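Notes follow once the structure below has been shown.
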Amino acid sequence: MKKVQPCRLGVNIDHVATLRQVRGTTYPDVVEAARVCEAAGAAGITVHLREDRRHIQDRDVYALRRSIGTRLNLEMANNPDIVGVALDVKPHEVCLVPERRRELTTEGGLDVAGQARQLGRTIDRLKAAGICVSLFIAPDPRQIRAAVAVGAPYIELHTGTFCDARGAKARQELQRLIAGARLAHDLGLCVNAGHGINLDNVGAILRLPHLDTLNIGHSIICDAIFVGLRPAVRAMLAALRPYRGGTR
Ligand code: PXP
């Protein structure tokens, strides 16, 4: 029988860089933020190197790779320049995401089924460089099967639609996430999840089976304004502690 595992927390620190970029200052320091998150118990640090470089900069990714002691998860679009950065930096993980210039944050999941050839080539290159690859997708059985077909070992289920929904729509979306996590696990994928998760909705998210890691950013950085970064990370870790669904 597989051992039951807790769910890990990856902290997305993009919005520490947002605060720095809006004023063009040198602070707050993302490396220091990563250090605090790790000391508080985060299992990894996530950053999104966007094409428009609105928050995280290339130099941040290099500095984080040199300094962090846990795992660096680089979120990125399948863009040749950024794939080049990833192959040079060699983060522990890359999560491929769709990206639209004018969006506020990542909207929707990847169309893996429709872009299988382009994604497959990038996944092969990243895997050959020793990087673990994850695909950010909606809990859609077609996309989950396509993730298996293109050779991704991990998926990250997009929880944003659930987190934004209310009432019957939220209940329906949660069932889709649960079924998606189950299918992905049955097909041999490792399952992460993220987007829009906060202390109010994380209890529902923990109904998903087989979760390896939740990647959470915006709400933790917002909570940190009031309580500090370390207590904000620890509060989320405390919320994850009762999880008994992991089976890695
Ligand atoms: N996972 C992915 C793939 C994302 O794009 C984001 C947002 O950058 C997150 C997780 C974190 O989402 P949030 O900031 O809403 O917690």
Side-chain angles (χ1 to χ4, degrees), residues 7-19 21 30 33-34 37 42-57 60-61 64 71-79 82 86 91-112 119 132-139 143 147 152 154-165 173 177 180-181 184 189-202 204-206 208 211-225 229 232-233 235-237 239-240:
C7 176
R8 292 189 263 233
L9 174 64
V11 181
N12 179 316
I13 58 169
D14 289 349
H15 298 303
V16 175
T18 300
L19 284 176
Q21 294 305 115
V30 292
C37 293
I45 300 297
T46 295
V47 290
H48 186 170
L49 186 64
R50 293 189 68 99
E51 291 168 2
D52 62 10
R53 305 300 198 271
R54 67 173 71 156
H55 39 54
I56 292 293
Q57 306 297 304
D60 295 325
V61 184
L64 288 165
R71 292 172 68 78
L72 178 62
N73 173 32
L74 177 62
E75 292 174 5
M76 50 178 252
N78 185 18
N79 159 315
I82 299 185
H92 302 89
E93 300 167 33
V94 158
C95 180
L96 291 169
V97 303
E99 201 174 298
R100 281 187 286 271
R101 280 288 164 107
R102 297 177 70 90
E103 67 190 358
L104 284 179
T105 178
T106 318
E107 290 168 2
L110 275 175
D111 178 12
V112 186
L119 286 169
C132 179
V133 182
S134 176
L135 302 178
F136 187 52
I137 58 174
Q143 299 297 347
Y154 272 82
I155 57 166
E156 180 169 327
L157 290 173
H158 192 323
T159 52
T161 308
F162 164 73
C163 294
D164 290 341
E173 196 53 33
L177 285 164
L189 294 167
C190 297
V191 183
N192 297 336
H195 212 283
I197 301 174
N198 58 37
L199 285 173
D200 292 334
N201 60 29
V202 69
I205 296 290
L206 294 182
L208 273 67
L211 285 176
D212 182 309
T213 301
L214 291 182
N215 287 311
I216 307 178
H218 186 259
S219 73
I220 291 178
I221 303 304
C222 291
D223 290 345
I225 291 172
L229 185 52
V233 171
M236 190 56 80
L237 282 167
L240 300 193

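Since the model is a prediction, treat every value here as computed from it, not as a measurement. Position 1 is the first residue of the sequence; numbering continues from there. Atoms within a ligand are numbered from 1 in the order they appear, just like the ligands themselves. Computed from heavy atoms alone, side chains included, the values below leave out hydrogens, waters and symmetry copies.
- For E75, every heavy-atom contact with ligand 1 shorter than 4.0 Å involves the side chain, none the backbone.
- Of all atoms in ligand 1, numbered sequentially from 1 with element shown, those under 4.0 Å from a heavy atom of V97 are 3 (C).
- The minimum heavy-atom distance linking L119 with D111 is given by the pair CD1-O, 4.3 Å.
- For T213 (side chain) and N192 (main-chain N/O), no donor-acceptor pair under 3.5 Å exists by modelled atom type.
- Heavy atoms only, all atoms of each residue included: H158 and G109 are closest at CD2-N, 3.8 Å.
- Each of L72, N73, V30 was evaluated against V47; a single residue qualifies, L72, per the side chain to side chain contact (heavy atoms under 4.5 Å, CB included) test.
- For ligand 1, the polar-atom distance check finds no N/O of I197 at less than 3.5 Å from any of the ligand's N/O atoms.
- The closest approach between G196 and ligand 1 falls below 4.0 Å for a heavy atom of the residue.
- Residue D14 touches ligand 1 through its side chain alone, judged by heavy-atom distances below 4.0 Å.
- A side chain to side chain contact (heavy atoms under 4.5 Å, CB included) with V97 is found for one member of R50, H48, E156 and no other, namely H48.
- No side-chain donor-acceptor contact under 3.5 Å links N12 and T46.
- The contact set between ligand 1 and I216, taken as ligand atoms under 4.0 Å from a residue heavy atom, comprises 16 (O).
- By the criterion of a heavy-atom distance under 4.0 Å, neither the backbone nor the side chain of H158 is placed next to ligand 1.
- Around the NE2 atom of H218, the shell of radius 6.0 Å holds no more than 12 heavy atoms that belong to other residues, nucleotides or ligands.
- Ligand-side atoms of ligand 1 in range of H218: 13 (P), 14 (O), 16 (O), range being under 4.0 angstrom from any heavy atom.
- Between E156 and ligand 1, at least one N/O pair is under 3.5 Å apart.
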